[in-house]
Amino acid sequence: MSSKEILTLQFGHYANFIGTHWWNIQELGFDYHSTQPSEIDHEVLFREGLNPKGQITFTPRLLLVDLKGSLKTLPEEGDLYGTNSAPSPSSVNWDENKVEFQEKQCEPKNDFQKDLNNANIEAIVVQNKQYNLEKNVQVWSDYLYSRFHPRTVNIVNEFKHCNEENPFESYTLGTSLWKSDFFNDEFTDKIRNYIEECDQLQGFHVLTDCTNGFSGLSSACLEHVRDEFDRKSVLVLPVIPSYFPDNDFKTPAEQVHSIMSDSARVINMLLSFNSYREHSNLFVPLCVSQDGWRQPGIPKQFYHTEYQYKLPYHSSAILAAALETITLKYRLKNSHFNLPDICADLSAHGRQIAAGSLCFPFSFNEDASFIDCLDQWEGPLYTSITPRVSIGNKRLMQHLVLRGVPESRLKRAGDKAGKQKDMAAYKCNTIREMLEFYLSCSTYATASNVTTMEKGVTVKNPFPDLFDKSIGINGNVTATQRLENTGVESIPVLAGVHSGNEIGEMIESLYDEARKLKIARFHQFAVERDEYEESLNDLLFLRDNYEDTYLV
Amino acid sequence: MAISLLNPKAEVARAAQALAVNISAAKGIQEVMKTNLGPKGTMKMLVSGAGDIKITKDGNVLLHEMQIQHPTASLIARASTAQDDMTGDGTTSTVLLIGELLKQADIYIAEGLHPRLLTEGFDKAKGKALEVLEKIRIPIEINKECLLDVCRTSLRTKVHHKLADVLTEVCVEAILAVKPENNKPVDLHMIELMQMQHKTETDTSLVKGLVLDHGSRHPDMPKRLENCYILTCNVSLEYEKSEVNSGFFYKTAEERDKMVLAEREFIDQRVKKVLELKRKVCTGTNKTFVVINQKGIDPISLDQLAKEGIIALRRAKRRNMERLALACGGVAMNSFDDLTESCLGYAGVVYEHVLGENKFTFVENCKNPQSVTILMKGPNKHSLQQIKDAIRDGLRAINNAIEDKAVIPGAGAFEIAANKELLEWKDSVKGKTRLGVIAYAEALLVVPKTLAVNSGFDVQETIVKLQEESRTNPEPIGLDLTSGEAVNPKDAGIFDNYVVKKQIINSCSVIASNLLLVDEIMRAGMVSLKG
Ligand SMILES: Nc1ncnc2c1ncn2[C@@H]1O[C@H](COP(=O)(O)OP(=O)(O)OP(=O)(O)O)[C@@H](O)[C@H]1O
Ligand SMILES: [Mg+2]
């Protein structure tokens, strides 16, 4: 049977930061040498193609959108289908004395990019070298390892990246941008071209900024997708950066600007959440900070991990690891789940928002058995990565994926088991069974479904080294410190999606913030008061679906 | 603000300063765009920091590529792109004319003339210029010859003249093919533009019929069929589970297989209906069968259709469904419940063309040749884009001519004529407003002047020559760009669109006036440009 394809759409710069890590993780995890077939069915998210040189290509089945000036060194069409000969005026079919050549200075590449392009440097070297990408990454293409199909990158010419004069800051700017010829014709054609290639499309992943104009652009696109491909499932992942530079104001004027921006972001979320509700099957808002709005708030802590929350390069890496893990549910070769199944499980009773969770890395001692690990675990297994949601342990529907814990580490064999034998969990014969058992004991009226996979998440370069020295090369906690200059190669990760009434509180909080705002003061939205009230009401309806008046 | 309230002189100074800024910005953007004008203008090759290439000499395209920071310049740029939205042409002329109006005004303002008087003069002159335009306008019969001239004039300002001539033929043919008999407006959407990127082939041709950007997805389907029935439909032939398979309620493998079978059966029934109709209409004849579906077709359904010798395409573009029905006849079906022969369309031939990973399907020799496709081939994206931009301009030029039922002699002829008439007429204008009329008349000459410069001729000499000729010769007088001599554009087949010129005249003096009355504008707040 052929694979069940998914088309990924990425809207906005932060979404693309996450997406870049996600594709990198996947491609760096490709094992060309192993005799064992991969557990993951890579054809779900990737496509095979043929370039003009007759070479087979394997590229993300992806369309991404960003603003003009956000690509730096990346040519729009990429280099895989290489038609880009060196530009020269003589190639122009016009009177040669009447050709004006205007070449912008070539954007300098960082060391990582240089090494990637250098055929003489072995991959292994690139994986272990210290590139200090923390300093060198300005845009996502600065650490892009994947190579894209020429149709993947789409640039909005109407708005410039980081432009204060004419910022792409409102939902409304996004929805009207969708009406332009480019999106109406070319972009929708590209979607269709991808879908036409698919034999058994499951649906769409839509990874999108929800705090700026991309909230509107993705909403309008979703409406189109719903219209054209009505029976396919759509999972929307609205993302919120953990830091906005305007929040670090110095002058009173900057403070005013920052306050206005925070408000605009709230309005964008309100308006887009309503369209996501209407046009998607499930959506999971993500942010590594606590609050999301009005400001992102305190960054979340993860075991043995230190990250700079102000760097999108860092925070996006964490979210990418979560997405890579949780989507395995329907990307494993032996999985009988589809995207529609997951969406349906988690969105019952009109509860279309779910919360994401992450345990990163899954803290696991090098020499321990899984059974002991769970036995000695303190506190919750995972942290919510959806703002303003603390995932409880009552009346939940939840899907979890644990990867990077091999079955061989489940428990010790009978004769060496010792005290393990006394534990009720000892009867479990797989990691999945044991984790489900653990969850059933630690929750009430909750349905948990666990999927597992042996291989962990690849965190080699250009993934940032976020781990403290007690995390070994294989991602487990070791007694001996990891040596300077050796990076962690892969880590075990637990991630999940959860539906429960805690999410109602999150909606309530967004509602409360949005209600305080006088929409008429925000010209960039061109939204009438009535319309705004209606949006607020729609959000309340959604909140009501989370009232705990019935039993699961 | 507080200071200026106390000191009215500061306000005046501020206005004067703002005016100076506006004039210099207008000059700046004019300077950049000047070299583009006309068939001898400069082609620009823009290369981004990442190596992306853009080749163009079209004003509108360049304005979109330029990083315009200055608010005045961007105001002019917006006026100019509005010009393009409305008429598809004349953006360069718009920028030049606004710039020149401000330059001329600057001279008088420096001598102490109040901008208000100038703008009144501009307004009067505009009215007169429109009269001249009506006089010089040449009514046309809509025939091929005439449309070729208009289109050629436009395209030769965009691409090399050899290519321009090929594209001209293609564009005119295309429009004539889709043009309704009864003088109804042409729907340019009926002309599909299709790009094929190919290393060595570079030609553009007109396909009478449709070219779809996809092909069959089954190895055994025929690559070419003749004498084809065409079934266009919007019916899913793809197995999709209707019931979700919850992670919480396990089903056994058998249970799951059973469900799949039952639902598969449903799709098979649909395919069967198609097969039945195909057998009914084709058996015993030399007719063949093609299915073009807007929805999906899964491998099992494809297999069943392939076994019957059918070409089946999935995920066709919505707009193509309409075009197919128009071109081939038949009805686009939303269900297969009442499938009969009368639902089917017809095409003489359907064949597939493979190019690397891309497939194309040609549907030709249709019943009604009312749908056509312009097929562009080129070695890379930027050259294809340049051709596409040019074709769009060409099609709009033809369409404008059809709607105007008239053209204007080009090569600066209108500007020379209007300049002459305005200067004759100026004495009837009372007071200092007259100076505005003179400034306007002078500004119009920027078009022939720039055409002369771009062809390497001396400006003064050329203009004098043209003006002298125009004084004695009642025919329109333009500039021959190869000889530098006066020429009758009618004889040379150089024609511009009436609506384009009219729009330029209408908008330029308004924008220029707004920029001159900057102090009043500053008080009134933002002016809206479009509309
Ligand atoms: N063969 C020709 N000889 C002389 N003048 C010509 C010829 N062809 C076109 N022109 C003149 O060139 C001018 C148009 O040039 P061009 O198309 O480059 O600029 P535009 O129409 O103002 O702006 P855009 O960049 O939007 O097309 C018109 O004045 C036209 O009459
Ligand atoms: Mg033109």
Side-chain angles (χ1 to χ4, degrees), chain A residues 2 49-52 54 57 71-77 81 83-89 91-95 98-107 141 150 157 160 165 189 192-193 195-201 228-229 231-232 329 336-338 340-345 397 399 447 449, chain B residues 35 40-53 55 57 64-65 67 69 71 159-160 162-163 197-199 213-214 217 236 238-242 244-248 251 253 256 294-296 298-299 302 313-319 355-358 379-383 386 454:
Chain A
S2 50
L50 190 68
N51 73 7
T57 62
L71 293 181
K72 262 178 76 186
T73 57
L74 181 70
E76 274 179 50
E77 284 187 84
Y81 283 65
T83 45
N84 280 4
S85 49
S88 95
S91 66
V92 179
N93 185 10
W94 195 252
D95 176 357
K98 291 256 163 183
V99 176
E100 192 181 317
F101 188 57
Q102 294 184 7
E103 194 172 19
K104 286 239 182 72
Q105 206 175 16
C106 201
E107 291 278 355
S141 61
N157 281 313
K160 273 181 246 137
E165 306 279 310
D189 260 349
R192 193 178 48 79
N193 289 146
I195 304 301
E196 194 273 332
E197 295 169 358
C198 299
D199 275 339
Q200 283 194 79
L201 184 77
E228 291 288 314
F229 312 102
R231 300 193 55 199
K232 305 298 179 187
K329 272 277 157 181
H336 59 266
F337 287 118
N338 282 342
D341 303 328
I342 306 301
C343 293
D345 279 350
M397 289 285 225
H399 272 282
N449 178 285
Chain B
T35 55
K40 300 268 166 141
T42 308
M43 187 66 78
K44 291 188 172 135
M45 181 177 202
L46 311 173
V47 185
S48 81
D52 288 318
I53 300 173
I55 298 174
K57 67 176 285 297
H64 276 108
E65 290 299 318
Q67 316 269 344
Q69 302 290 359
V159 292
H160 190 268
K162 280 198 194 126
L163 178 57
Q197 196 164 322
H198 192 278
K199 267 175 287 187
D213 62 359
H214 49 126
R217 291 280 169 192
S236 172
E238 173 180 48
Y239 160 66
E240 279 163 306
K241 279 188 310 171
S242 54
V244 287
N245 172 22
S246 168
F248 303 112
K251 292 201 170 69
R256 258 187 280 134
Q294 197 183 330
K295 288 265 160 55
D298 65 17
L302 285 174
L313 306 187
R314 65 191 181 197
R315 301 285 176 200
K317 187 182 346 204
R318 188 181 286 233
R319 178 150 25 97
L355 199 65
E357 60 174 33
N358 299 313
N380 45 44
K381 195 176 160 188
H382 63 262
S383 58
Q386 195 195 355
N454 287 352

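Every chain is numbered from 1 and lettered A, B, ... according to where its sequence line falls, protein lines coming before strand lines. Keep in mind that this is a model prediction, so the values were computed, not measured.
With salt bridges taken as basic N to acidic carboxylate O contacts below 4.0 Å, none links K40(B) and D95(A). K317(B) and D189(A) are joined by a salt bridge, as a carboxylate oxygen and a charged side-chain nitrogen come within less than 4.0 angstrom of each other. A salt bridge is defined here as a Lys NZ or Arg NE, NH1 or NH2 lying under 4.0 Å from an Asp or Glu carboxylate O, and D52(B) with K104(A) fails to meet this definition.
In this structure, chain B has no heavy atom under 4.5 Å from any part of C343(A). For K162(B), no part lies under 4.5 angstrom from a heavy atom of chain A. Neither the backbone nor the side chain of K329(A) comes within contact range of chain B, judged by heavy atoms closer than 4.5 Å. Only the side chain of I55(B) comes within less than 4.5 Å of a heavy atom of chain A; its backbone N, CA, C and O stay farther away. Contact annotation for S383(B): neither backbone nor side-chain heavy atoms come within less than 4.5 Å of a heavy atom of chain A. For Q386(B), no part sits under 4.5 Å from any heavy atom of chain A, backbone or side chain. For R314(B), the parts sitting under 4.5 Å from any heavy atom of chain A are the backbone and the side chain alike.
Taking H160(B), K295(B), K57(B) one by one and counting their heavy-atom pairs under 4.5 Å with chain A, the maximum is reached by H160(B). Considering only heavy-atom pairs separated by less than 4.5 Å from chain A, the leading option among D298(B), D213(B), N454(B) is D213(B). The candidate with the highest count of non-hydrogen atom pairs below 4.5 Å against chain A, out of Q294(B), H64(B), R318(B), is R318(B). Highest contact tally toward chain B, considering only Q102(A), E165(A), K232(A), R192(A), is held by R192(A) [criterion: heavy-atom pairs under 4.5 Å]. Ranked by heavy-atom pairs under 4.5 Å with chain B, the list E228(A), Q105(A), K160(A) is led by E228(A).
Put simply, the side chain of M45(B) does not reach to within 4.5 Å of the side chain of E103(A), judged on heavy atoms. The shortest distance between side-chain heavy atoms of K381(B) and E76(A) falls below 4.5 Å.
Considering all non-hydrogen atoms of both residues, E238(B) and L201(A) come closest at OE2-N, 4.4 Å.
Side-chain N or O atoms of W94(A) include none that pairs as donor or acceptor with a backbone N or O of K44(B) at under 3.5 Å.
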